[in-house]
Novice: 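Here it is, the structure in full.
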Amino acid sequence: MTSEVARHLLFQSHMPTKTTCPSSQVSDDEQKQKRENTRSLTMSGHVGFESLPDQLVNRSIQQGFCFNILCVGETGIGKSTLIDTLFNTNFADHESSHFFPHVRLKAQTYELHESNVRLKLTIVNTVGFGDQINKEESYQPVVDYIDAQFEAYLQEELKIKRSLFNYHDSRIHVCLYFISPTGHSLKTLDLLTMKSLDSKVNIIPVIAKADIISKAELQKFKIKLMSELVSSGVQIYQFPTDDETIAKINASMNGHLPFAVVGSMDEVKIGNKMVKARQYPWGVVQVENENHSDFVKLREMLICTNMEDLREQTHTRHYELYRRCKLEEMGFTDVGPENKPLSLQETYEAKRHEFYGERQRKEEEMKQMFVQRVKEKEAILKEAERELQAKFEHLKRVHQEERMKLEEKRRLLEEEIIAFSKKKATSEIYQNQSYMASGSNLKKDKDRKNSNFM
Ligand code: GDP
């Protein structure tokens, strides 16, 4: 069994073979110590566990493999064409417009077969990338998408009833970053995007449409790009050199980065062979001709040699980092206050304790606030009541004064009425008397007149 297969098998069973995380340094030391305490024995006869690698190979073949590629690059830079050319399949992606208001990530999954190996391939394409005025709007959706896939995996992993065995792992294993063949330098958007992605995904930069730049210019462009990436601190994926069977080829390919690629599904007859090429009035650019483009180098490195390493790096490096940060954010830690190792149970208990304490403190705070509020309201109500009472007293006093004034007026009026009645009665007596007196005078006059006639 080659070490490549062995690495793959170890990855399949999610037992990382190597890691860059500082936390796993501790477990490496522990393992070393354990190994030193383990005696090595030579078997005296055949037992049969030498077939273990074959068992694992069979199981892996039955399970199938999954590989997820993210293509980041401006609209029309040749992403879909290159993916079609890489997998020699027409994935039938529709041409996208330059007028999308936001960047969208479009994922499509295909099941491919080669011999008896099944590959579940997911191609994620950035739609509308670089078409916005605000650059942040271009790369943030890409970062969020990658994080969302890590989060989905973490949630599955944290479930009580996990089904990682048949879980569709959508974590991005490689990001093909398409650079325009300008011959100048990297655009700000490219630098910003790669910088924000490099700790989350394996980036392989490619110079797209390399047939439209001259060979001499391309060489200079490659050198310039690499020096710009280095000076900006952008970490791109390096083909691993720790496995001696592929160390040489990988080391030499690292020197060819970024690959300058040409894509085409059109076939042209060269000699007596049909080859994938782009035909121009002045000649034919053959996709698989190493003098014309680095397409073959990319395909070899991405699919034939390092696909497994890309998957492994995604799990042991990028996902591990995401998981660690996320769990730390949630308050989980491997060591206690005095650097004492803490188990998950202890961390959980401590967290629960902290949570209850915090809840009690909050409840107490709320109670205090409630009492304070009630007191304030009571004081306000008392003040309002006092004001109302004062108003009432004042009105009562005014009312009493008014009543007294009215009583006085009534008394005066009654006196006036009595006086008037008295006056009226007196005047009536006078009137009667004068009437009676005038009546007797009239009678006397009448009698006198009557006597005169007689
Ligand atoms: P996408 O929007 O990034 O997916 O771009 P496409 O793959 O749809 O390609 C856009 C256009 O560029 C099409 O007309 C392709 O034929 C053309 N194209 C794709 N790859 C190359 C290439 O390597 N060189 C040149 N000159 N044109 C290419």
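One-based numbering, in listed order, for ligands and for the atoms of each. What you are looking at is a predicted structure, and each value in this text was computed from that prediction instead of being measured.
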Novice: For ligand 1, find out whether one of its N or O atoms is nearer than 3.5 Å to an N or O atom of G78.
Specialist: yes
Novice: Under a 3.5 Å threshold, yes or no: a donor from one side chain and an acceptor from the other, between E393 and Q389?
Specialist: yes
Novice: Quick one: are V262 and H292 in side-chain contact, heavy atoms under 4.5 Å?
Specialist: no
Novice: Using the six-membered ring of F67, assess whether NZ or CZ of R311 lies under 6.0 Å from its centre and within 45 degrees of the ring axis.
Specialist: no
Novice: To check you understand the geometry: which heavy-atom pair defines the closest contact between G183 and I213, and what is its length?
Specialist: CA-CD1, 3.8 Å
Novice: Applying a strict 4.0 Å limit to heavy atoms, is Y280 in contact with ligand 1?
Specialist: yes
Novice: Please could you name the atoms of ligand 1 that G263 approaches to less than 4.0 Å, counting only its heavy atoms?
Specialist: 20 (N), 21 (C), 22 (C), 23 (O)
Novice: Using a strict cut-off of 4.0 Å, indicate which atoms of ligand 1 neighbour a heavy atom of E74.
Specialist: 3 (O)
Novice: Check whether the ring centres of Y237 and F239 lie less than 6.0 Å apart, and answer yes or no.
Specialist: yes
Novice: Check whether the ring centres of Y153 and Y322 lie less than 6.0 Å apart, and answer yes or no.
Specialist: no
Novice: With heavy atoms only and a cut-off of under 4.0 Å, state how R278 meets ligand 1: side chain, backbone, both or neither.
Specialist: side chain
Novice: Taking atom types as modelled and ignoring hydrogens, do the side chains of Q149 and S170 form a donor-acceptor contact shorter than 3.5 angstrom?
Specialist: yes
Novice: Going by heavy atoms, is G76 under 4.0 Å from ligand 1?
Specialist: yes
Novice: If I apply the N/O under 3.5 Å rule, does I77 come out as touching ligand 1?
Specialist: yes
Novice: Between D211 and ligand 1, does any nitrogen or oxygen pair lie at a separation below 3.5 Å?
Specialist: yes
Novice: So is there a nitrogen or oxygen of T81 less than 3.5 Å from a nitrogen or oxygen in ligand 1?
Specialist: yes
